[in-house]
Amino acid sequence: MGVSDRELEDRIRELLYARSADSSICPSDVARAIAPDEWRPLMEPVRQAARRLVAAGEVEISQRGAVVDPDSVRGPIRIRRVHE
């Protein structure tokens with residue numbers, strides 16, 4: 001499915017900034033926004049895009065409400081804006 005890294009990162013930003021500052025999104029929200037019928041193959045690319053945005057200081061990855069290490073987390077995650 002030729003979705004660029006930039007498109008994934010931009011869609012994460014777009015979805016986050018369309019919500020309140022305290023809201024988070026699921027990687028599947030991003031994947032479904034890009035490819036509603038074929039979203040599952042995008043799950044890992046979305047997680048990778050989220051990790052790049054963590055490295056850039058733009059977002060946090062959380063699990064059960066707590067910020068987690070994006071490189072070691074397993075299971076369901078949420079993406080949210082960095083809380084200042």
Side-chain angles (χ1 to χ4, degrees):
M1 164 170 298
V3 180
S4 71
D5 291 348
R6 172 83 185 250
E7 184 177 354
L8 292 169
E9 293 165 10
D10 286 347
R11 191 57 62 103
I12 290 171
R13 289 183 194 101
E14 178 183 308
L15 291 174
L16 284 174
Y17 283 93
R19 299 180 183 200
S20 71
D22 293 333
S23 294
S24 64
I25 59 173
C26 178
S28 67
D29 296 333
V30 180
R32 285 182 171 110
I34 293 171
D37 296 325
E38 294 292 325
W39 60 272
R40 288 187 190 278
L42 289 176
M43 289 298 290
E44 185 54 33
V46 170
R47 290 171 70 104
Q48 291 170 357
R51 286 193 288 271
R52 288 191 299 274
L53 292 175
V54 167
E58 292 186 48
V59 303
E60 298 172 329
I61 292 178
S62 64
Q63 194 171 53
R64 295 183 203 103
V67 176
V68 293
D69 177 3
D71 294 323
S72 63
V73 68
R74 299 270 188 258
I77 61 168
R78 303 286 296 177
I79 305 164
R80 65 185 185 198
R81 289 192 257 173
V82 173
H83 289 81
E84 297 177 8

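Throughout, residue positions are numbered sequentially from 1 according to the sequence presented.
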Heavy-atom check, side chain of R13 versus side chain of L53, under 4.5 Å:
yes
Does the side chain of V30 come within less than 4.5 Å of L42's, by heavy atoms?
no
By salt bridge (charged side-chain N to carboxylate O under 4.0 Å, His left out) - contacts of R11 (at least two apart):
E14
Look only at the side chain of Q63 and the backbone of P76, and say whether a donor-acceptor pair between them is shorter than 3.5 Å.
yes
Heavy atoms only: give me the nearest S23-R80 pair and the separation to one decimal.
O-CB, 3.7 Å
CG (D10) and CG (D5) are apart, to the nearest 0.5 Å, by 11.0 Å
When clusters are formed by joining ILVMFWY residues with side-chain heavy atoms under 4.5 Å apart, either directly or through shared neighbours, do V67 and V54 land in the same one?
no
The reported gap from CD1 in I25 to CG in L15 (rounded to nearest 0.5 angstrom) is 5.0 Å
Is the shortest side-chain heavy-atom distance between C26 and R78 below 4.5 Å?
yes
Would you indicate whether R19, at its atom CZ, is surrounded by more than 12 heavy atoms from other residues, nucleotides or ligands within a distance under 6.0 Å?
yes
Which pair of heavy atoms, one from A50 and one from I79, lies closest together, and at what distance?
CB-CD1, 3.7 Å
To the nearest 0.5 angstrom, please state how far the OG atom of S20 sits from the CZ atom of R81.
7.5 Å
Over all atoms of both residues, closest heavy-atom pair of I61 and P70
CD1-CB, 3.6 Å
Gap separating the CD atom of Q48 from the CG atom of L8, nearest 0.5 angstrom
9.0 Å
Got a second to check how far I77's CD1 is from S28's OG, nearest 0.5 Å?
10.0 Å
Is any side-chain heavy atom of R47 closer than 4.5 Å to a side-chain heavy atom of V73?
yes
